[in-house]
Amino acid sequence: MKNQLVASILNEIADMLDMQEVEFKPRAYRRAARTIESMAEPIEQVYAQGKLLDLPGVGEAIAKKIGEIIETGSLEYYEELKQKTPVDLENLLAVEGIGPKTVGLLYKKLGVKSLEDLQRAAQEHRIREIKRLGPKTEENILSSIELAKRSRGRSLLGEALPIATEICDRLKVVIRTAGESGQLEAAGSLRRMKETVGDIDIVATSNHASLLTDEFTRLPDIQKVLEKGETKASLLLTNHIQVDLRVVEDESFGAALMYFTGSKDHNIALRKLAISRGFKLNEYGLFKGDQQIAGRTEDEVYKKLGLDGIPPELREDRGEINAAMKHQLPSLLAYDGVRGDLQLHTRWSDGQQTVEEMAQAAKNLGYEYIAITDHYSRMPIVNGLNEQRLRDQMNEIDKTNEKLNGIHILKGAEVDIAADGSVSEDKVLRDLDLVVGSIHGTFKQTKKEMTRRLISAMESDIVHIIGHPTGRKINEKAPSDLDFDELFEASKRTKTYLEINASPQRLDLSDANAALALRSGCKLVINTDAHNQEQMKNMRFGIGVGRRAWAEKKDIINTHTLEDFKKTLKNG
DNA sequence: GCCGTTTTCGGCCCGACTGTTTTCAGTCG
C-alpha cells in the first residue's frame, strides 16, 4: 500500500513550494495528498485502472507524478526540489509556530537546515536579527523545541472518549447547579469516532462562562494549565492528552460545534457550498451579508444550506454532502442496534470472568444473545481448551442457559488459523454454534500467502467468522498486507463474515476497509473480543467504525434476531 | 495545479492570534 508514501511526497512538495513562496500550488498538492491519505483503495490499484483523474484534487500534472512514483519508486521533480532546499522539513515544521515560509526564510538568511541548526541559531540570538522575526519568536522556538521533544502522537479513541465523557459530566453539573440551560458537548475527531484523536475539544454555552472555565482548570489529573481565559481554557492532562474548552454564545453553538467537530475537509466543502448559495459560513453561524440566518443548532445550519443533517461519523468529505443534498444519506447502524456480541472469552481460557458473569453483563447491556468463544488452541499463553474441556464448558453453558432468562448463550470457540491456512478439524468444533477463526502467529508472510491463508480458513466448513482480519494494533503493529478484493469475494462466496473487532487497540477491520467491504457487498459482524465485563462496553467503538464505513443495520449480521442470525450462518 | 448549479479562465475557506508591525504576514485549527 503506497498511499502513505505518495501522500507524504505530495505534502512535502507542497511545503517546499510554500518555502519558495509559490502561490496556490501548495494548496493543490495538499488537497491531492489528503485525498490519497484518506482513501481506502490502494493507489496502485487506482493507477492500474487508469482512474487517477477521478480522484478529487488530482489533475493531469499530479496524476503523472503519482504514476512516476508508482512505476519507479521515486519522483524526479521531488528530488530536484529537495536539491534546491536541502532541509529537514519534517522536524523543522514540527516546531510550534514555524511553518514552511519561516523555514524558507531561516534557510535563506541563516542556512538553517536541521533542528540542531535552528536551536543553535536561536541560542546565538541570530534569529532576532531577521526582519519579520524577533526576540519573542526566538524564545518561542527554544521552548517549543523542548516541548516537541517530549510530546507524543495521537491517543486511542478508547482512551480519550471515557476521559472526555467524565470531563463533560463534571462540567454539566456546573451548568445545572447554576440553574441555567447551557449546552455542552465534546467535538473534534472524538465526536467523529476516529480511531485516534489528537486532542479533546469541548464546546459549551453558558451565561456563567467563568464558572465553567474555573471548574475546568480544577479537574483532577492535570499536569499543566496551558491557558485560562474567560471563555477559553486549555489543559494538558498527566497522560499527555490536551483538552480544550470553548464557551460560545447560544446562537452560535451549532456552528461552533460543527466547526470544532470537523473534519477540516468537510468544513471547507460546506463553506464553499455556502458561498455558492450567497452565504458565508464560519464558527459563529451561517450569514447572509452580516445577518446571521442559522447557527443555534447544527441541523439548522445544514437545513439552510439545503442539506439533511449529517451524522458526525460521516463528516469526512467523502460524498456525504452530495448524499445529504439528495436526501440519500444512509440510515446508519444505531449505537444500540447490535443484539449480540459474538466473540467473548471467559476464565476457561484467558478471560477473567465466568460464563454466567459474562452472560449477566450481556443481559444488562440489553443483548439478546452472545457467543462464548474461548480459545481452542495449543498455544500455551492463552490457556486454550482441548476437546474434553470444551465439552465440559458446553455443559456449563447448557446449565447457565437454563438458569438465565432473557439472554441466550451460543456455544463457540476461537481457533487458530495455521500458517498454511488450515484449522483444527476436531469433531467437537462441529457441535458448536459458532467458530471464530483468527491468526495468532506467523505474521510475516507475503501478501499472497496471507490472503491465501485467510481464504483457506474461510473455505473450511468449520469457520463462520474471521476475527481481527488484518491483525493490526494501532500505533504498535502494522496490518497484514492483504488482497481485499479476493478476501471480500471469498467472504460472499463462503458466507464467512469478516469481523470489525471493537477493541480500541485493534478496530480491525478499520473504517476504510470496512467501507470497502460493504461497497463490495459483504456483510460484517461487530464483536468486542472482551476478556471481562468492562470490555464488553467497547462495542460502541466497533459500531463507530461501522458508522464511519456508512454501515446500515442490514449490513451487520449481529443486528439480527437470534433466529434470523442463525439462518445467516453457513451449515446453519 | 485544480476546478466549474456563476466559469475551460480566474479564481482558490475562515477567523483568531501572535509578533511584528504602523497595516500585515504567517501559523494554526
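Quick caveat, the model's predicted, so the values are computed rather than measured.
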Practice item. Round to a whole Å and report the spacing from CG of A:D265 to C1' of B:dC2. Key: 15 Å

Practice item. Give one of base, sugar-phosphate or nothing for A:K272, where a contact means two heavy atoms less than 4.0 Å apart. Key: sugar-phosphate

Point to revise | Whole-Å distance separating the CG atom of A:L106 from the C1' atom of B:dG26 | key: 12 Å

Exercise for review: Could you tell me whether the side chains of A:R132 and A:T102 share a donor-acceptor contact shorter than 3.5 Å?
Suggested key: yes

Check your understanding: When the distance from CG of A:D199 to P of B:dC28 is rounded to whole Å, what number comes out?
Key -> 14 Å

Review point. Among B:dC2, B:dC13, B:dT20, which is the nearest nucleotide to the side chain of A:A61?
Key: B:dC2

Point to revise | Step-by-step side chain to side chain donor-acceptor pair (under 3.5 Å) determination, A:T470 to A:D508 | key: CA-CA 7 Å; A:T470 77; A:D508 179 13; 3.0 Å; yes

**Study point:** Polar side-chain contact A:Y284-B:dG15 base: donor and acceptor under 3.5 Å
**Key:** no

**Study point:** Any side-chain heavy-atom pair of A:R519 and A:F488 under 4.5 Å
**Key:** no

Review point. How is A:N140 classified with respect to the nucleic acid when contacts are heavy atoms under 4.0 Å: base, sugar-phosphate, or nothing?
Key: sugar-phosphate

Review point. Can you tell me how far C1' of B:dG19 sits from CD1 of A:I98, to the nearest Å?
Key: 13 Å

Review point. Would you say B:dT20 has OP1 or OP2 under 4.0 Å from some side-chain N or O of A:T137?
Key: yes

**Study point:** Watson-Crick or G-U wobble partner of B:dG15, both distances under 3.5 Å
**Key:** B:dC28

Practice item. Under 4.0 Å between any heavy atoms, over every strand shown, what does A:P100 touch: base, sugar-phosphate, or nothing? Just pick one. Key: sugar-phosphate

Point to revise | Salt bridge A:D18-A:R30, side-chain N to carboxylate O under 4.0 Å | key: yes

Review point. Say you pick atom P in B:dT5 and the same atom in B:dC13; how far apart are they, in whole Å?
Key: 15 Å

Check your understanding: Among B:dG26, B:dC14, B:dC3, which is the nearest nucleotide to the side chain of A:T102?
Key -> B:dG26

Exercise for review: Please report, rounded to the nearest Å, how far the P atom of B:dG4 is from the CG atom of A:L273.
Suggested key: 13 Å

Review point. In whole angstroms, how far is the P atom of B:dC24 from the NZ atom of A:K101?
Key: 16 Å

Review point. Under the criteria of a ring-centre distance below 5.5 Å and an interplanar angle below 30°, is A:F24 stacked with the base of B:dC12?
Key: yes

**Study point:** Sugar-phosphate only, base, or nothing, as touched by A:E23 at under 4.0 Å among non-hydrogen atoms
**Key:** nothing

Practice item. Mind calculating the distance between NZ (A:K64) and P (B:dC2) to the nearest angstrom? Key: 12 Å

Review point. Any side-chain heavy atom of A:L106 within less than 4.5 Å of one from A:I98?
Key: yes

Check your understanding: A:I275 side chain: which of B:dC17, B:dG26, B:dC13 is closest?
Key -> B:dC13

**Study point:** Proximity to the side chain of A:K65 - top-ranked nucleotide from B:dC12, B:dG1, B:dC3
**Key:** B:dG1

Review point. Is it the case that A:K304 places NZ or CZ above or below the six-membered ring of A:F279, under 6.0 angstrom from the centre and within 45 degrees of the axis?
Key: no

Check your understanding: Atom CD1 of A:I13 and atom P of B:dC2: how far apart are they, to the nearest Å?
Key -> 11 Å

Check your understanding: Can you tell which of B:dT20, B:dC28, B:dC14 lies closest to the side chain of A:E96?
Key -> B:dC28

Point to revise | B:dC13 OP1/OP2 closer than 4.0 Å to side-chain N/O of A:R27 | key: yes

Exercise for review: Write down the distance separating the P atoms in B:dA25 and B:dT20, rounded off to the nearest Å.
Suggested key: 16 Å

Check your understanding: Which part of the nucleic acid, if any, lies within reach of A:I62 when heavy atoms closer than 4.0 Å are counted: base, sugar-phosphate only, or nothing?
Key -> sugar-phosphate

Exercise for review: Answer with base, sugar-phosphate or nothing: what part of the nucleic acid does A:K131 contact at a heavy-atom distance below 4.0 Å?
Suggested key: nothing

Practice item. With heavy atoms under 4.0 Å as the rule, sort A:L133 into base, sugar-phosphate or nothing. Key: sugar-phosphate

Review point. Should B:dT5 be called syn or anti, with syn set as within 90° of 0?
Key: anti

